[in-house]
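First comes the structure, then the notes that go with it.
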Amino acid sequence: MKIIDDFLNNITMYRLVLYYLLVLIGWAVVLSLFGVLFFNPLSLFFSTGSILAICWITNKVFAYVFKAPTNLESIYISALILSLIITPIKDIHGLSFIFWVSVWAAASKFIFAINKKHLFNPAAIGVFITGLGITGSASWWVGTAYMMPVVLIGGMLIVKKIRRWDLVLTFLVIAVGTIFLLSFFNSSQLISLITKIFLDSPILFFAFVMLTEPLTTPSDKIYRMIYASLVGFLFAPQLHFGSFTTTPEMALIAGNIFSYFVSPKEKLLLKLKEKIQLSPDIYDFVFGLDKKIGYVPGQYMEWTLGQSSPDSRGSRRYFTLASSPTEEDTIRIGVKFYPNGSSWKKSLLAMQTGDEIVASQLSGEFTLPKDQSKKLVFIAGGIGITPFRSIIKYLMDRKESRVITLIYSVKTETDAVYMDLFNQASREIGLKSIVNVSDRTGFITGEMVTKEVPDYKERIFYLSGPHRMIDGFKKTLSDLGVLSNQIKTDYFPGYV
């Protein structure tokens, strides 16, 4: 399990999805060589190459016309998805359908966008629009028993990485339940029906890859459940509205529309205002805001930075906001740098005043409880301190006192950042803060918690830091008798 966690912590979500799709294409080539699939490898190569080329060219043209930043990972992912759901063509005569599907998929990110945020899953809208004007449709050929093992293993890694089991499981339960209800099967057909759903349909690929696309998925958990339920219900192939039959892409488009109305709309092009070195390897990046944005302390955003030659870890990252909504004219992130850091972080560190970055996908539920009487414990490891800087700054500016103990674990004393703010909060709003220097006193233990927080069983614990620290401390708290519903964890996708 540690090997898997280390792998996932050192790869971005988008790069993981890209590699996954490439593995699926490779596996399909192997199967087709042995005659297991109904097409030959040359057809798959021709179709995949054509889709990639058309999507790439279309993306370049529209990015130039709209003067918008591009993300090659994203366009490659859309192209590979299309390659896995559209039957490979045998020759140039079948090129018309995949040409227009590819054009619409790439162009949709620019045409069907509001405030630079696209509304629809590109592959789904590409297939849907093209089907309205040209005879053809997606076969979803990836949904076969021979592809299923690779689809399942890679898909589970993706969901583990992005922590969206709630989304995927809700979709599967509703989709399978709807299919059962509409199939009018008897008990002797149960095994056959289950086999058909999971081995001879694209339901798993759809759930793992297309349903979970971050930009077209609601950020709040309750809305994600509704979104998954809506798409799951419409996914059932037996569903008819008069003569109209739904398809997987139509189900997803309907969900995307719902998602747009309930999701944050921000996609910001920000200019660097200030770069502040907080410790030998930690910097704050402060960006100017032209308008106030509505976020809650403790939330995160996705950050996209243009690079001429991005490495295997891609051009996008998630960072929790270190700023407070009360700092209305700026927004900031705190970033830790490593000797062998990614090209993304090297580009970030090289930014100069006035350089631009894109921030989007405001999300996260690592936020204060509405009940101000709730007593809290904040436990931070390393750069996991950033959401607590946001929350505590917010409370100070609002002069709102809460019963909070902050336990901040760092390797050395020089690694402790934002201490001036926390010391001020101790004087002004009664924050109790403890800095644990692990090189000197070891890691945070259960004994330390019981000593510093005698009423710990009455508290809500907020954990932010490396995955290993969070997983270990969740077990420590469980051993102390703290209930799972008293523990909240930050979305912290690794150090890439």
How close do [X] and [Y] get, counting heavy atoms only, and between which atoms?
| X | Y | value |
| --- | --- | --- |
| Asn59 | Ala106 | N-CB, 4.1 Å |
| Ala228 | Leu167 | CB-O, 3.4 Å |
| Arg316 | Tyr14 | NH2-CD2, 3.0 Å |
| Thr212 | Thr217 | C-OG1, 3.7 Å |
| Asp166 | Arg163 | OD1-O, 4.4 Å |
| Gly255 | Val231 | CA-CG2, 3.7 Å |

Output every pair passing side-chain hydrogen bond (donor to acceptor under 3.5 Å, both in side chains) with a member in residues 98-107, not counting sequence neighbours, ordered by first then second residue.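 Those involving residues 98-107 do not exist here.
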
Residue pairs passing the side-chain hydrogen bond (donor to acceptor under 3.5 Å, both in side chains) test where at least one lies in residues 246-256, sequence neighbours excluded: Trp140-Glu249, Thr247-Glu249

[X] versus [Y]: any side-chain heavy-atom pair under 4.5 Å?
| X | Y | answer |
| --- | --- | --- |
| Ile385 | Leu406 | yes |
| Lys292 | Glu328 | yes |
| Asp284 | Ile333 | no |
| Phe99 | Ile51 | no |
| Leu16 | Leu8 | yes |
| Thr144 | Met147 | yes |
| Thr405 | Arg459 | yes |
| Lys161 | Leu157 | no |

Under 3.5 Å, is there a donor-acceptor pair between the side chain of [X] and the main chain of [Y]?
| X | Y | answer |
| --- | --- | --- |
| Lys273 | Thr330 | no |
| Ser201 | Phe198 | no |
| Asp220 | Ile222 | no |
| Ser464 | Gly384 | yes |
| Tyr300 | Phe366 | no |
| Ser478 | Lys474 | no |
| Ser390 | Pro297 | no |

Which pairs with one or both residues in [range] pass salt bridge (Lys or Arg N to Asp or Glu O under 4.0 Å), sequence neighbours excluded?
| range | answer |
| --- | --- |
| residues 98-111 | none |
| residues 351-370 | none |
| residues 381-390 | Glu327-Arg389 |

Walk me through it: do Tyr394 and Glu400 pass the test side chain to side chain donor-acceptor pair (under 3.5 Å)? CA-CA 8 Å; Tyr394 176 79; Glu400 182 180 317; 5.4 Å; no

Check the surroundings of atom [atom1] in [X]: do more than 12 heavy atoms from other residues, nucleotides or ligands lie under 6.0 Å from it?
| X | atom1 | value |
| --- | --- | --- |
| Asp290 | CG | no |
| Met225 | CE | yes |
| Lys374 | NZ | no |

For the residue pair Tyr283 and Phe285, categorise the inter-ring angle as parallel (less than 30°), tilted (30 to 60°) or perpendicular (more than 60°). tilted

Any residue meeting side chain to side chain contact (heavy atoms under 4.5 Å, CB included) with [X], in chain and number order, not counting sequence neighbours:
| X | result |
| --- | --- |
| Ile174 | Thr170, Thr178, Ser229, Phe233 |
| Pro218 | Tyr223, Arg224, Tyr227, Phe258, Ser259, Val262, Ser263 |
| Ile429 | Leu395, Met396, Ser401, Ala425 |
| Lys196 | Asp200 |

Salt bridge or not for Asp397 and Lys393, using N-O below 4.0 Å?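 Result for this pair is yes, salt bridge flagged.
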
Take Leu119 and Ile114 through the test side-chain contact (heavy atoms from CB on, under 4.5 Å) and record every step on the way to the result. CA-CA 7 Å; Leu119 276 64; Ile114 299 176; 3.8 Å; yes

Can you tell me how far the [atom1] atom of [X] sits from the [atom2] atom of [Y], to the nearest 0.5 Å?
| X | Y | atom1 | atom2 | result |
| --- | --- | --- | --- | --- |
| Ile487 | Ile470 | CD1 | CD1 | 11.0 Å |
| Asn121 | Ile125 | CG | CD1 | 9.0 Å |
| Ile98 | Thr48 | CD1 | OG1 | 8.5 Å |

Step-by-step side chain to side chain donor-acceptor pair (under 3.5 Å) determination, Gln238 to Ser183: CA-CA 7 Å; Gln238 306 96 325; Ser183 296; 2.8 Å; yes

Ring centers of Phe171, Phe206 separated by less than 6.0 Å: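 Judged by ring-centre distance (under 6.0 Å), Phe171 and Phe206 do meet the cut-off.
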
Apply ring-ring contact (aromatic ring centres under 6.0 Å, His included) to [X] and list each qualifying residue two or more places apart in sequence or on a separate chain.
| X | value |
| --- | --- |
| Tyr408 | none |
| Trp141 | Phe39 |
| Phe378 | Phe388, Tyr462 |

Can a cation-pi geometry be assigned to Lys336 and Tyr338, taking NZ or CZ under 6.0 Å from the six-membered ring centre and within 45° of the ring axis?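 Satisfied, under 6.0 Å and within 45°.
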
Thr304 and Arg317: side-chain donor and acceptor closer than 3.5 Å?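 The criterion, which ignores hydrogens and geometry beyond distance, is not satisfied for Arg317 and Thr304.
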
Between Gln299 and Ser363, a side-chain donor and acceptor under 3.5 Å: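 There is no such pair (donor and acceptor under 3.5 Å, judged by atom type) between the side chains of Gln299 and Ser363.
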
Verdict with supporting geometry, Thr12 and Glu73, side-chain contact (heavy atoms from CB on, under 4.5 Å): CA-CA 11 Å; Thr12 64; Glu73 275 181 319; 4.2 Å; yes

Evaluate Phe110 against Thr58 for side-chain contact (heavy atoms from CB on, under 4.5 Å), listing each step before the verdict. CA-CA 10 Å; Phe110 303 91; Thr58 304; over 6 Å; no

Under the side-chain contact (heavy atoms from CB on, under 4.5 Å) rule, what do Phe235 and Leu252 come out as? Steps first, then yes or no, please. CA-CA 8 Å; Phe235 182 87; Leu252 191 57; over 6 Å; no

